[in-house]
Amino acid sequence: MPITLTLPDSSQRHYDAPVPIYKIAQDLSPSLAKCALAGKIKGRLVDTSFIVKENTAIQIITAQDEEGLEILRHSSAHLLAHAVKELFPEAQVTIGPVIENGFYYDFSCKTPFTSEQLSAIEKRMHEIVKRNLPIQRLEWSREKAIAFFKEIGEHYKAEIISAIPNNETLSLYQQGDFIDLCRGPHVPNTKFLKIFKLTKIAGAYWRGDSKNEMLQRIYGTAWTTKEDLEKYLTAQEEAEKRDHRKIAKALDLFHIQEEGPGMVFWHPQGLILYRILENYIREKLTAQGYQEIRTPQILDRSLWEKSGHWEKFHKDMFITESEKHVFAIKPMSCPAHIQVFNQGLKSYRDLPLRFAEFGCCHRNEPSGALHGILRTRAFTQDDGHVFCTEEQIQEEATRFIHLAQDIYNDFNFEDISIVLSTRPAIHVGTEEMWNKAEKALEDTLKQNHIPWKLAPGDGAFYGPKIGFEMKDCLGRSWGCGTLQLDFFMPERLGASYVAQDNTHKVPVMLHRAILGSLERFIGIIIEHYAGILPLWLAPVQTSILTITDKQAVFANEIHQKLQIAGLRTKIDLRNEKIGFKIREHTLQRVPFLLIIGEREASTQTISVRTLHGKDLGSMTTDAFCQLLLETVASKN
RNA sequence: GCUGGCGUAGCUCAGUAGGUAGAGCAGCUGAUUUGUAAUCAGCAGGUCGUGAGUUCGAAUCCCACCGCCAGCACCA
């Protein structure tokens, strides 16, 4: 039966009989055939050995295509498993997917891999590549596949097959003696796999469940060209220099020590940044009709029992006691905010009622989760709770999202992902409530044309949430802003208002934060700006550097003027060369350096040098003040 | 919490057939009065994470604990 194939440029090719992809590539051009990794028909990726039997659109995939690179990485994972099996026959293979920038493969083995073994494995991978092994697709029955993997002692593989639905075709891929279960597609030959590097070893639970065995995971990265690989590795090294823990040490912002794991000692410089953020948010919230409150740090166990936290989270709370009463140090402020709401009778006319608190919370996070100031055990939330009617949800959610976007804008964040998390397996409240709540959040996102990712089952036990996630220097995501709908806790803690019809109704509560935790947000912005904070955030905005001590009097006058103008200034009168002073203050990332020598003193001007070494020339102190104040106001 | 790695001066790091510690920077003292990213010299600085053990002798070897780093799990 003749078939007609449509190419990406809309041209057509005719064949008299079914034809494999590699043949089509050959017919198109020999050079294309040489680098063909796979084919794409009807949006589905297939091996080059795949035989096309019907009229269809077709595309040849090479390493230049995004999908081609993914296939390369996937095949690299198989190559890794192949090498491991040759070197460590007793290791069992499990899964080996593609991830951002590379791949990993999980192995079950008695002893973990060492870093020396990692290089040996990498070397073996290169050897296998040189063997030019064809990679062939096999389609076996379930019985045959299970029997095969059991026979060769690959029990995890057998288990994986058992979990695959009966109606699905089982495909396996063979390169030399190595056979792995895989959906495919794969590159046609191991010779295509050259540009890769194994990066790290780590433990990982089988099926991502901590109750299961811990497997040994090997991570690798793979690229189309050597240059891409080098570029990636250099970029990683550069990214590591942005680590907020390193920068904070260099800039003397804060420290954490053994006696207080996950708890921050803020130094003077760091606290300046902290306070700027706090006051900035305070102003924004006040403008949005929030009223700031402050609630106790520890509260009696009975309140946490009522709220449901004791049952669900008491292992994660710090507990203390006094006179036979057990108290929990608050892990969040919401139950306390309801207590404030409950004081006095509330009318529907009071709603929406917006409370804000810079609530210092303690959570006993697992030791392995702690990470600088991005994940701590003590942190301050820019917390807030909106009490409103069901009808007001949409409007309040929209107001919140606009506010969040407005604030993130001031920090020039471009890479924020928005995640909608829906009901978890264990949750309170009725399905009807959840349906309503999830829909309300989804509608808000839709109405505001905000793209989001869905995270099914990731919601809080009392309600669904919208999360704003930001990335750190190494691309790890951290939750910052959040909006959580709660139809449950107000009722549980006895909140009510008098409605228009004179009945008592339970308000809906919106939990919300924009920075999330001040600690985490500061960590994120340090990495985001690589420590070079914009003027409005810089702990020291300008340093005055004298050439000799003859200019001390004039320098002090300037210092005083700048301080009166509300600028954060340091003065360096040390008997050092100007180059030395410039270097030190530059390393401290001070945005503007004022050089004061005899010339300046005699003309009553200042010479301004930017952090990036640009000479702004001489100007009067007043002109400089104005320049800085304008820059601060613009948040640039 | 789990797996692996790591923990030496204020900071960055060196220090294995086990013989009781070293550099640079910072600090202090002195000299230098200097024009846009490191002036010179001298001095001082460490219970080698903590505890217990092996040994004539431990930063080094063994064990336990604490913390940090990476990943996993967790993240109200």
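Since we're looking at a predicted model, the values are computed, not measured. Note on naming: letters A, B, ... go to the chains in the order of the sequence lines (proteins, then strands), and numbering restarts at 1 for each one.
OP1 or OP2 of B:G1 has not a single side-chain nitrogen or oxygen of A:K315 nearer than 4.0 Å. A close approach under 4.0 Å does occur between a side-chain nitrogen or oxygen of A:R245 and OP1 or OP2 of B:A70. Distances shown here put every side-chain N or O of A:R363 at or beyond 4.0 Å from the OP1 or OP2 atom of B:C74. Regarding contacts with the backbone of B:A70, a side-chain N or O of A:R476 is found under 4.0 angstrom from either OP1 or OP2. Look at A:Y219 and you'll find a side-chain N or O under 4.0 angstrom from OP1 or OP2 of B:C72. Residue A:H371 places at least one side-chain N or O closer than 4.0 Å to OP1 or OP2 of B:A70. Under 4.0 angstrom from either OP1 or OP2 of B:G10 there lies no side-chain N or O belonging to A:K249. Applying the 4.0 Å criterion to OP1 and OP2 of B:G1, one finds that A:S210 has every side-chain N and O outside that range.
Here B:A76 is the nucleotide among B:A37, B:C74, B:A76 with the atom lying nearest to any side-chain atom of A:Q484. The side chain of A:M214 lies closest to B:U3, out of B:U33, B:U36, B:U3. Of the candidates B:G35, B:A38, B:C74, B:A38 carries the atom nearest the A:R583 side chain, counting heavy atoms from C-beta on. In this structure, the nucleotide among B:A38, B:C68, B:A76 sitting nearest to the side chain of A:A460 is B:A76. Comparing atom distances between the A:I595 side chain and each of B:C72, B:G35, B:A38 picks out B:G35 as nearest. Taking every side-chain heavy atom of A:K550 into account, B:U33 is the closest of B:A37, B:U36, B:U33. With B:G71, B:G49, B:U39 as the choices, the nucleotide that has an atom nearest any side-chain atom of A:E258 turns out to be B:G49. Out of B:A37, B:C68, B:G35, the shortest distance to the side chain of A:T586 is found at B:A37. Between B:A73, B:U36, B:G49, one nucleotide has an atom nearer to the side chain of A:P366 than all others, and that is B:A73.
Rounded to whole Å, the separation between the C1' atoms of B:G18 and B:G57 comes to 8 Å. On the P atoms, B:G46 is 31 Å away from B:C56, given to the nearest whole Å. Distance noted for atom C1' between B:U20 and B:C48: 11 Å (whole Å). Between B:U60 and B:C72, the distance separating the two P atoms is 33 Å to the nearest Å. B:C11 and B:G45 have their C1' atoms separated by 13 Å, given to the nearest Å. Using atom P as the reference point in both B:G71 and B:C28, the two lie 39 Å apart (nearest Å). Nucleotides B:A9 and B:G15 place their C1' atoms 14 Å apart, quoted to the nearest Å. Look at the C1' atom in both B:A76 and B:G4: the space between them is 30 Å, to the nearest Å.
Atoms CZ (A:R207) and P (B:C74) sit 16 Å apart, rounded to a whole Å. Protein atom CG of A:L198 is 19 Å distant from nucleotide atom P of B:G4, rounded to whole Å. The distance between atom CE of A:M263 and atom C1' of B:C68, rounded to the nearest whole Å, is 15 Å. One atom, CD1 of A:I578, and another, C1' of B:U32, lie 16 Å apart when rounded to the nearest Å. The separation between A:D458 atom CG and B:C75 atom P is 8 Å, rounded to whole Å. Atom P of nucleotide B:U36 and atom CG of A:L587 are separated by 17 Å, given to the nearest angstrom. Remark: P of B:A38 and NE2 of A:H585 are 14 Å apart, rounded to the nearest angstrom. A straight line from CG of A:L215 to P of B:U3 spans 13 Å, rounded to a whole angstrom.
Taken to the nearest 0.5 Å, the CD1 atom of A:I373 stands 7.0 Å off from the CD atom of A:E519. Here the CG-CD distance, from A:L493 to A:Q339, works out to 6.0 Å after rounding to the nearest 0.5 Å. We find the CZ-CD1 distance between A:R245 and A:I526 to be 11.5 Å, quoted to the nearest 0.5 Å.
Contact record, A:F379 with A:S517: CD1-CB, 3.7 Å, taken as the closest heavy-atom pair.
The residue A:D209 sits apart from the nucleic acid: no heavy atom pair falls under 4.0 Å. Heavy atoms of A:K577 sit under 4.0 angstrom from at least one base atom. Counting any heavy atom pair closer than 4.0 Å across all strands shown, A:G579 reaches sugar-phosphate atoms only and no base atom. A:Q588 comes within 4.0 angstrom of no nucleic acid atom, judged by non-hydrogen atoms across all strands. As judged by a 4.0 angstrom heavy-atom cut-off over every strand, A:K465 is placed among residues touching the sugar-phosphate backbone only. Heavy atoms of A:P261 sit under 4.0 angstrom from primed sugar atoms or phosphate atoms, though from no base atom. Residue-level contact check: A:G308 touches neither bases nor backbone, having no heavy atom under 4.0 Å from any strand.
For an aromatic pair to be called close, the ring centres must be under 6.0 Å apart, and A:Y462 with A:H511 satisfies this. Ring centroid separation for the pair A:Y105 and A:Y219 does not come in under the 6.0 Å cut-off. No close placement of the A:F254 and A:H267 rings is indicated, their centers lying 6.0 Å or farther apart.
For A:D549 and B:U33, a side-chain-to-base donor-acceptor distance below 3.5 Å is present, hydrogens and geometry of angles not being considered. For A:Y205 against B:G71, no side-chain N or O and base N or O form a donor-acceptor pair under 3.5 Å. Contact of A:Q551 with B:G35 (side chain to base): no donor-acceptor pair of N or O atoms is detected under 3.5 Å. Between the side chain of A:R217 and the base of B:C72, no donor-acceptor pair of N or O atoms lies under 3.5 Å.
Ring geometry for A:F313 versus A:F461: interplanar angle of 30 to 60°, hence tilted.
Both A:S607 and A:E259 sit near RNA chain B, but only A:S607 has its closest nucleotide nearer the 5' end. Looking at which nucleotide of RNA chain B each of A:E584 and A:G459 is closest to, the 5′-most match is held by A:E584.
Among A:M317, A:R377, A:H362, A:H314, the one residue that satisfies the side-chain contact (heavy atoms from CB on, under 4.5 Å) test with A:P331 is A:M317.
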- Message: A:T221 vs A:W223, test: side-chain hydrogen bond (donor to acceptor under 3.5 Å, both in side chains). Steps then yes/no.
- Response: CA-CA 7 Å; A:T221 184; A:W223 298 87; 2.7 Å; yes
- Query: Please walk me through it: do A:R423 and A:E438 pass salt bridge (Lys or Arg N to Asp or Glu O under 4.0 Å)?
  - Reply: CA-CA 8 Å; A:R423 76 196 77 178; A:E438 286 170 6; 2.9 Å; yes
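By the 6.0 Å and 45° rule, A:R73 does not stack over the aromatic ring of A:F103.
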- Message: Could you spell out the base pairing of RNA chain B as a dot-bracket line? Use Watson-Crick and G-U wobble contacts where both distances are under 3.5 Å, [ ] for crossing pairs, | for partners on a different strand.
- Response: (((((((..((((.....[..)))).(((((.......))))).....(((.(..]....).))))))))))....
